[in-house]
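Treat the numbers as computed from the prediction; the structure is a model and nothing was measured. Values reported hereafter were calculated over all heavy atoms of this structure, with side chains retained and with hydrogens, waters and symmetry mates removed.
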Amino acid sequence: MCIFCGFPAKGAMTAHILYILERFFEESAAFSVPVGGTSQLGETLQRGLEKFGGKLQLNAHVDEILIEDGRAVGVRLKNGNVVKARKAVVSNATPFDTVKLMPQKEGEPKKLTKWR
C-alpha cells in the first residue's frame, strides 16, 4: 500500500504524479533537485550502507523471509542463495507484499492472513 495515498503499490505512481502536478502549478511552487541529480540520493544511501559494513545487492529477488523463534533472521533469494542478517531484515516492499514473503503461522491475526 502506498503510505501517501492508500492505494495498492501497483497504482500508486499515477496518484503521486497527479498530486505533484496539481501542486506544481501553484504560485508558490518550487522544484528542487539534489546537486548532481537525483541519482545522488541512491549513491549516498549506498555509501552509508557500505560505510557500516552493509552490501548492496541488485537484482536479488527475495523468495522468502526466514523466521526463527518469531524473528526475521534472513532471506532466501529466488536463485536459492540464503542471506543471513546480522541485526535486522528490512523490507522496502509494501506491507501487503512483505507479508506474502513470510511463512504462514497458525494463529496469526486474521487481518494478516487476509493480506496473503
Show me, pair by pair, the donor-acceptor contacts under 3.5 angstrom made by side chains of residues 56-71, not counting sequence neighbours?
unit_1 : atom_1 : unit_2 : atom_2 : d
Glu64  : OE1    : Arg76  : NH1    : 2.6
Glu68  : OE2    : Lys84  : NZ     : 3.1
Arg71  : NH2    : Lys87  : O      : 2.5

Side-chain donor/acceptor pairs under 3.5 Å, residues 99-106, sequence neighbours excluded:
none

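- Legend: residues meeting side chain to side chain contact (heavy atoms under 4.5 Å, CB included) with Asn79, ordered by chain and number and at least two apart, are Leu77, Asn81.
- Using a 4.5 Å cut-off between side-chain heavy atoms of Ile, Leu, Val, Met, Phe, Trp and Tyr, with links allowed through other members, Val73 and Val82 fall into the same hydrophobic cluster.
- For Glu43, the salt bridge (charged side-chain N to carboxylate O under 4.0 Å, His left out) test picks out no residue, with sequence neighbours left out.
- Glu50 meets the side-chain hydrogen bond (donor to acceptor under 3.5 Å, both in side chains) test with Gln46; sequence neighbours excluded.
- Residues satisfying the side chain to side chain contact (heavy atoms under 4.5 Å, CB included) criterion with Ser91, sequence neighbours excluded, are Ala93, Thr98.
- Separating the CG atom in Leu41 from the CG atom in Leu45 is a distance of 7.0 Å, to the nearest 0.5 Å.
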